[in-house]
Amino acid sequence: MKKVYANAAEALDGLLHDGMFIAAGGFGLCGIPELLLDAIKDAGTQDLTFASNNAGVDDFGIGILLQTKQVKKMISSYVGENAEFMRQYLSGELELEFNPQGTLAERMRAGGAGIPGFYTKTGVGTVIADGKEHKDFNGETYVLEEGIFADLAIVKAWKADDTGNLVFRKTARNFNVPAATCGKICVAEVEEIVPRGSLDPDSIHLPGIYVNRIVQGSHEKRIEQRTTRKKEDA
Amino acid sequence: MPWDRNQMAARAADELEDGMYVNLGIGIPTLVANYVGDKDITLQSENGMLGMGPFPFEGDEDPDLINAGKQTITELSRTAYFDSATSFAMIRGGKIAAAILGAMEVDEKGDLANWMIPGKLVKGMGGAMDLVAGVGRVIVVMDHTNKHGDSKVLTECTLPLTGKGVVDRIITNLGVLDVVEGGLKIVELADGVSEDEMRAATEAKIVN
């Protein structure tokens, strides 16, 4: 089956519908599926729910879909860098569900692994656990969290082969792996599609079984907080 | 003289032992890395990295290599990368020996509040709730009082909690306190700080 598509719009063709639930990879602006987010903006799909650790910044990442008011709800752990997000949230235009970061990652991983719920200590005794089922194991209290089953997963990897095997680079792997697994369909954008056989089978980060469509493109890869030291400090 | 930021960070670094895997929060906790000396400490960054190195030299920044504060960083010869689910599996699974975190409030039962002030802009808890619930030892580093002079070491936290009964040790500009049965125990006073000054600045119950 052909998985490689010519551009992001074609890679999403037939997959988008109003009111859908999308899981997106990335941490801050690192490893975000920027080409696919642009294509969703162009497609004009409305009332989207995103499970994504962050919401981008005003003009990059999921932020571009907030500007066009295409997002109905965010499931995130940290949204601090986005003024338009705050404006829409405080005015009631945008729903927000905070998940602890590890709970969000595990909800995606669990959904992708066919596990509808799991118990965790994270958040017990805080507002996050309000209204959720609690259960004691070995004298400690845990809270039930549910797996995420998204309509679509969009992720960004470094390299792919044409069967969808993915390799990520450094900390750009982050949420891309769990997000990819929890979508009914996963579309991956990559910096490079390499010939079959040129990725080391022992070093595949995400096997192609999880990836339905692939698109290659050039990425801006914006840096959110440029921090450096001077050579003389070394 | 109470401790300054760097002295608090240096005192927190004394908590770390050779061979530990440690997660450092943003602010004063980040400075702790400067004081580990010859100890073999591996720093975890919860966005998916063990073996976090210093900031890159100008021109060497890599957009694919950031820490949990989204700052550009570098890798070391020991570095390993992994995805977010794996990262929090090692946190929740108790593999990280200690987390050193900042706080808005801590109380005598070890409750911690550091993510939300109702009525103010809410940014989110990030990985803080997972860290305090999962790591072996939670060490809070913060000023003993807020800018109005009110104690941040309370009988009971007033802000929404990050974790309940999670704090093991509190390091402030006035000294070191442990969370024990029935309250807090003074472990150490900063140079020139008297026990009376520590008690006066602490709302929480201090036990012997």
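Per chain, numbering begins at 1; letters A, B, ... match sequence-line order.
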* Structure fact -> Turns out that what part of B/Glu46 lies under 4.5 Å from chain A's heavy atoms comes down to both
* For B/Asp64 against A/Lys221, the heavy-atom pair lying closest together -> OD2-NZ, 2.7 Å
* Asked: So with a 6.0 Å cut-off around NZ of A/Lys132, is the heavy-atom count from everything else above 12?
  -> yes
* Structure fact -> Under a 4.5 Å heavy-atom criterion, the part of residues 138-152 of chain A in contact with chain B comprises none
* **Side chain / backbone / both / neither for B/Val122 at chain A, heavy atoms under 4.5 Å** => both
* Under 3.5 Å: donor-acceptor pair, side chain of A/Thr228, backbone of B/Glu58 -> no
* **Nearest atoms (heavy-atom pairs only) where A/Gln225 meets B/Lys70** => CB-O, 3.1 Å
* Relative to chain A, which segment of B/Thr162 carries a heavy atom at a distance below 4.5 Å: side chain, backbone, both, or neither? -> backbone
* Could you pull out the closest heavy-atom pair between B/Thr72 and A/Thr227, with the gap in Å? => OG1-O, 2.6 Å
* **Non-hydrogen side-chain atoms of B/Arg92 and A/Lys121 separated by less than 4.5 Å** => no
* **For chain B, which residues of residues 90-106 of chain A have heavy atoms nearer than 4.5 angstrom** => A/Leu90, A/Phe98, A/Asn99, A/Pro100, A/Gln101, A/Gly102, A/Thr103, A/Ala105, A/Glu106
* Asked: With only heavy atoms counted, which part of B/Asp111 is less than 4.5 Å from chain A, the side chain, the backbone, both or neither?
  -> neither
* **Pairs flagged by side-chain hydrogen bond (donor to acceptor under 3.5 Å, both in side chains) wherever residues 203-212 of chain A is involved - sequence neighbours left out** => A/Arg173-A/His205, A/Asp200-A/Ser203
* Asked: Would A/Lys231 count as a cation-pi partner of B/Phe57, with NZ or CZ less than 6.0 Å from the six-membered ring centre and within 45° of the ring normal?
  -> yes
* To do: Nearest 0.5 Å please: distance from the OG atom of A/Ser77 over to the CH2 atom of B/Trp115.
  => 10.5 Å
* Got more than 12 heavy atoms from elsewhere within 6.0 Å of CG, B/Asp18? -> yes
* What part of A/Glu220 gets closer than 4.5 Å to chain B, counting heavy atoms only: side chain, backbone, both or neither? -> neither
* Asked: Got a sec: does the NZ of B/Lys95 have more than 12 other heavy atoms crowding it under 6.0 Å?
  -> no
* Tell me, side chain or backbone of A/Val124 under 4.5 Å from chain B's heavy atoms, or both, or neither? -> backbone
* Structure fact -> On a heavy-atom basis, the closest approach of A/Val177 and B/Asp83 is CB-CB, 3.7 Å
* Of all of B/Asp62, B/Val132, B/Leu131, B/Thr74, which one pairs up most often with chain A through heavy atoms under 4.5 Å apart? -> B/Asp62
* Tell me, out of A/Val127, A/Ile128, A/Thr122, who's got the most heavy-atom pairs with chain B below 4.5 Å. => A/Thr122
* Among residues 23-32 of chain A, which residues come closer than 4.5 Å to chain B, judged by heavy atom distances? -> A/Phe27, A/Gly28, A/Cys30
* Asked: Is there a side-chain contact between B/Lys164 and A/Thr126 (heavy atoms, below 4.5 Å)?
  -> no
* Asked: So which of B/Ala128, B/Ser45, B/Gly126 has the biggest tally of heavy-atom pairs under 4.5 Å with chain A?
  -> B/Gly126
* To do: Check whether any side-chain heavy atom of B/Pro56 lies under 4.5 Å from a side-chain heavy atom of A/Arg229, and answer yes or no.
  => no
* Asked: Checking A/Arg169 against chain B: side chain, backbone, both or neither under 4.5 Å from a heavy atom?
  -> both
* **Flag side-chain contact, heavy atom, 4.5 Å: A/Glu224 against B/Ile66** => no
* Would you say A/Ile209 has more than 12 foreign heavy atoms packed within less than 6.0 Å of its CD1? -> no
* Heavy-atom pairs under 4.5 Å with chain A are the metric here; pick the option from B/Ala68, B/Gly59, B/Gly48 that has the most. => B/Ala68
* Structure fact -> In this structure, OG1 of A/Thr171 is separated from CD1 of B/Ile73 (nearest 0.5 Å) by 6.0 Å
* Structure fact -> So, the part of B/Ile91 with a heavy atom under 4.5 Å from chain A: the answer is neither
* Closest non-hydrogen atom pair between B/Lys123 and A/Gly80, with its separation -> CG-CA, 3.6 Å
* Asked: Highest number of heavy-atom pairs under 4.5 Å with chain A: which of B/Pro54, B/Gly165, B/Gly163, B/Gly134?
  -> B/Pro54
* Can you tell me how far CD of B/Glu61 sits from CD1 of A/Ile223, rounded to the nearest 0.5 angstrom? -> 5.5 Å
